[in-house]
Amino acid sequence: MVRREKLAKLQAEGRDPFAMVTWKQTHHSEEIKRKFEELENKDVSIAGRVMSFRDIGKAAFIDLQDRDGRVQVYLNAEGLGDEAYAHVKTWDLGDIVGVEGFVFKTRRGEISVHAKRMVLLTKAIEPLPEKFHGLKDPEQRYRRRYLDMVMNREVMDTFRKRTQVIRAVREYLDDIGYIEVETPILSTIASGAAARPFVTKSNALNLQLYLRIATELYLKRCIVGGMERVYEMGKDFRNEGIDIRHNPEFTMIELYQAYADYNDMMELCENLCAYAATKVCGSTKVSYQGTEIEFAAPWRRLTMVDAVKTYGGPDFSIVQSDEEARELARAHGLEEELKKKLKDCTKGDILNAAFEKYAEKELIQPTFIMDYPTDISPLTKQKPGDPTMTERFEAFVYGRELGNAYSELNDPIVQMERFTQQSKERELGDDEAYMLDEDFVSSLEIGMPPTGGMGIGIDRLIMFLTDSYSIRDVILFPTMKPL
RNA sequence: GGGCCGUUAGCUCAGCUGGUAGAGCAGCAGACUCUUAAUCUGCGGGUCGCAGGUUCGAUCCCUGCACGGCUCACCA
């Protein structure tokens with residue numbers, strides 16, 4: 001282990017790099033290049049990681065990488081002194097160093113810093129991956145994200161954009177009077193969505209607790225309390241499969257607005273996404289996996305029934321009964337799409353299955369699919385005049401669900417009936433049926449104004465705005481099995 | 001959970017019909033005062049993911065396991 005020996009030698013000589021505490025960073029790499037005219041021949045003090053070292057004898061060039069990028073450092077014995085120059089030559093790729101010197105342009109025209117003083121700030125005792133091909137192994141990139149960030153700079157860009165997206169969303173909502181809150185992650189009831197929860201235990205209370213799968217029921221309590229416009233952006237946890245667009249812990253925003261309905265939520269959704277796209281990408285047009293996506297409002301609006309018909313499925317508008325719907329399911333080979341046995345399925349279940357089979361994949365440009373069956377929407381207000389359907393929409397982009405919203409059910413009696421129905425589903429073996437939250441129903445008894453609510457998968461929005469193929473590419477440390 | 005694929009030096013990858021391994025970069029020693037995947041000379045570096053099996057002999061063929069990728073299922 002050569003590097004450990006070098007470290008020991010440095011320590012023996014009283015120049016332990018791990019004893020360094022601060023370094024004055026007056027400039028960053030890209031700034032020096034951007035402001036060359038004003039900085040030429042001026043002194044700067046920079047710091048970063050040595051990414052390459054081109055030693056040509058009595059002079060050498062270093063590529064120094066900092067937060068923003070890289071800048072070349074030129075060093076020779078005249079600039080540093082013979083002893084210091086010889087010392088710097090013992091440093092390794094990956095070491096973190098501080099450089100003081102003046103800005104100049106090499107004969108080849110590269111803006112560089114001519115070193116007058118160099119200090120080893122931290123020793124890298126393990127070598128970096130190969131300088132040209134970098135770190136490619138996806139497993140190593142996810143497990144050792146720090147190495148991925150050092151070697152693959154586009155990763156850094158993605159995560160900086162992630163922050164910008166989150167900031168843009170907050171900015172937009174704060175500006176129109178929303179209040180950001182924090183609600184419990186640990187709870188005795190995991191409800192508000194159809195998903196299996198993670199289970200944990202409180203020692204103090206000797207109690208089984210769940211990690212939240214949604215923030216919905218707490219945020220609606222805030223509406224009951226009179227906040228009028230409220231949101232929470234944070235992690236939800238769902239104990240489900242892991243794939244290209246699902247991670248067990250993921251970032252969701254849920255927002256609720258009193259005196260609004262799902263039409264208002266559609267406008268908010270399209271405006272919010274367009275705002276974030278403009279802020280982060282400079283345009284409402286975004287290229288995703290080679291396809292141009294236009295986020296500008298208004299987005300296409302289509303009912304679920306019309307979507308199924310449009311994309312080659314059966315016409316559910318003329319279906320009167322569950323039995324008729326089951327006939328259609330048999331005729332169109334939808335049995336495989338259904339989660340339950342066909343005889344237990346309602347018209348709503350079958351419509352949803354037909355939508356997933358025929359329409360979902362086709363919804364590339366941002367589209368609101370409106371009016372979901374009541375059976376699969378237990379927290380949603382029914383459509384006036386049609387109790388089998390609700391005022392709910394989901395937003396689809398590139399065939400993927402981006403958000404879900406509805407006119408919130410605020411009738412406590414009906415809400416209780418819906419929970420009772422969910423409990424029956426649970427008894428039938430559906431362990432993703434909604435858990436009953438009695439205190440939430442109690443809050444509705446106090447009175448929740450008519451309210452529109454929406455949830456948007458923040459990771460997925462970030463995927464679209466950073467052209468990331470997998471959700472793991474927008475989560476710094478995705479869930480992995482231990483080795 | 002099913003299917004397909006992958007796992008060889010620190011990294012990126014070769015390795016034929018089975019005969020216990022190679023390259024580039026990185027590292028080490030040296031040369032070089034404008035290089036930028038610097039160049040040139042020389043040198044060192046491996047539990048071939050793990051465990052079994054077949055075979056005179058396994059990185060290679062077979063089985064199981066682990067981890068990962070893609071995909072299907074599942075997933076507001």
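Within every chain, numbering begins at 1; the chains are lettered A, B, ... in the order of the sequence lines, protein sequences first and strands thereafter.
- When the nucleotides B:rU71, B:rC34, B:rG27 are ranked by their closest atom to the side chain of A:R107, B:rC34 comes out on top.
- For A:K136, taking side-chain heavy atoms from C-beta onward, the closest of the listed nucleotides B:rC13, B:rA38, B:rC70 is B:rC13.
- Distance noted for atom C1' between B:rG22 and B:rC61: 23 Å (whole Å).
- Atom C1' of nucleotide B:rC75 and atom CD of A:E356 are separated by 10 Å, given to the nearest angstrom.
- Residue contacts shown for A:E216 are absent, as no nucleic acid heavy atom lies under 4.0 Å away.
- Taking the side chain of A:E130 as heavy atoms from C-beta on, and the options B:rU33, B:rC11, B:rG69, the nearest nucleotide is B:rC11.
- OP1 or OP2 of B:rA26 lies within a sub-4.0 Å distance of a side-chain N or O belonging to A:K131.
- Of the residues A:T251, A:D157, A:T466, the one that meets the side-chain hydrogen bond (donor to acceptor under 3.5 Å, both in side chains) test with A:R162 is A:T251.
- Distances shorter than 4.0 Å separate none of the side-chain N or O atoms of A:Y74 from OP1 or OP2 on B:rA38.
- Pair assignment for B:rC60 gives none, since no Watson-Crick or G-U wobble pairing has each distance under 3.5 Å.
- Nearer the 5' end of RNA chain B, as judged by each residue's closest nucleotide, is the contact made by A:T90, out of A:T90 and A:D55.
- The residue A:G192 sits apart from the nucleic acid: no heavy atom pair falls under 4.0 Å.
- Among the atoms of the strands shown, none is found under 4.0 Å from any heavy atom of A:R400.
- Across the protein-nucleic acid pair, A:F198 atom CZ and B:rC75 atom P stand 16 Å apart, rounded to whole Å.
- B:rG1 atom P lies 15 Å from atom CG of A:D243, rounded to whole Å.
- If you check every strand for non-hydrogen atoms under 4.0 Å, A:D92 touches sugar and phosphate atoms only.
- Pair check for B:rU17 finds none; no Watson-Crick or G-U wobble contact set falls under 3.5 Å.
- Rounded to whole angstrom, the span from the CE atom of A:M51 across to the P atom of B:rC11 amounts to 15 Å.
- Between the C1' atoms of B:rA51 and B:rC11, the separation comes to 28 Å (whole Å).
- A:D473 places its CG atom 12 Å from the C1' atom of B:rG69, with the value rounded to the nearest Å.
- The listed nucleotides are B:rU33, B:rG10, B:rA38; the one nearest the side chain of A:N76 is B:rU33.
- Within the shown strands, B:rA66 is the pairing partner of B:rU7 under the Watson-Crick or G-U definition, both distances less than 3.5 Å.
- Residues A:S187 and A:R212 bring no donor and acceptor atom of their side chains to less than 3.5 Å of each other.
- Between A:Y74 and A:F61, the gap from one ring centroid to the other is short of 6.0 Å.
- Residues A:F295 and A:Y288 place their aromatic rings such that the two centres sit no closer than 6.0 Å.
- One interatomic measurement links the two molecules: CD of A:E126 to P of B:rA9, which rounds to 15 Å at whole-angstrom precision.
- Taking atom CZ of A:R245 as the reference point, atom P of B:rU71 lies 8 Å away to the nearest angstrom.
- A side-chain donor-acceptor contact under 3.5 Å links A:E240 to the backbone of A:R196.
- For A:H246, taking side-chain heavy atoms from C-beta onward, the closest of the listed nucleotides B:rU12, B:rC75, B:rC34 is B:rC75.
- For the P atoms, the distance from B:rA21 to B:rC60 is 13 Å, rounded to whole Å.
- Within the nucleic acid shown, A:Y469 comes within 4.0 Å of sugar-phosphate atoms alone, with no base atom in reach, counting heavy atoms only.
- B:rU20 and B:rA58 have their P atoms separated by 11 Å, given to the nearest Å.
- B:rC13 and B:rC32 have their C1' atoms separated by 31 Å, given to the nearest Å.
- A residue-by-residue look at A:M480 and A:I242 shows that A:M480 has its nearest nucleotide of RNA chain B further toward the 5' end.
- Comparing the C1' positions of B:rG46 and B:rU41 gives a spacing of 25 Å, expressed to the nearest Å.
- Side-chain contact check for A:D473 and A:S470: no donor-acceptor pair (N or O, by modelled atom type) lies under 3.5 Å.
- Here, B:rC56 and B:rU71 have their C1' atoms 43 Å apart, quoted to the whole Å.
- Between A:R472 and A:N247, the side chains place no donor N or O within less than 3.5 Å of an acceptor N or O (distance only, hydrogens not considered).
- Across all strands shown, B:rA29 pairs with B:rU41; the Watson-Crick or G-U wobble distances both stay below 3.5 Å.
- Within 4.0 Å of A:R238, counting heavy atoms only, lies at least one base atom of the nucleic acid.
- Of the side-chain N and O atoms in A:R143, one or more sit less than 4.0 angstrom from OP1 or OP2 of B:rG68.
- Other residues, nucleotides and ligands place more than 12 heavy atoms under 6.0 Å from the NZ atom of A:K89.
- For A:F132, the side-chain atoms get nearest to B:rA37 when compared with the rest of B:rC67, B:rA37, B:rA38.
- A gap of 13 Å separates the P atoms of B:rC62 and B:rC4, to the nearest Å.
- The side chain of A:E110 sits closest to B:rU36 out of B:rU36, B:rU12, B:rC74.
- The phosphate of B:rC28 has OP1 or OP2 within less than 4.0 Å of a side-chain N or O from A:K6.
- Among the nucleotides B:rG24, B:rC34, B:rC70, the one closest to the side chain of A:I244 is B:rC70.
- More than 12 non-hydrogen atoms from other residues, nucleotides or ligands lie less than 6.0 angstrom from CD of A:E13.
- Heavy atoms of A:L93 sit under 4.0 angstrom from primed sugar atoms or phosphate atoms, though from no base atom.
- You'll find that the side chain of A:R472 is closest to B:rG69, out of B:rG69, B:rU12, B:rU36.
- For A:I56 and B:rA37, the CD1 to P distance is 14 Å, given to the nearest whole Å.
- When distances run from any side-chain atom of A:H133 to the nucleotides B:rA38, B:rG68, B:rU12, the shortest one goes to B:rU12.
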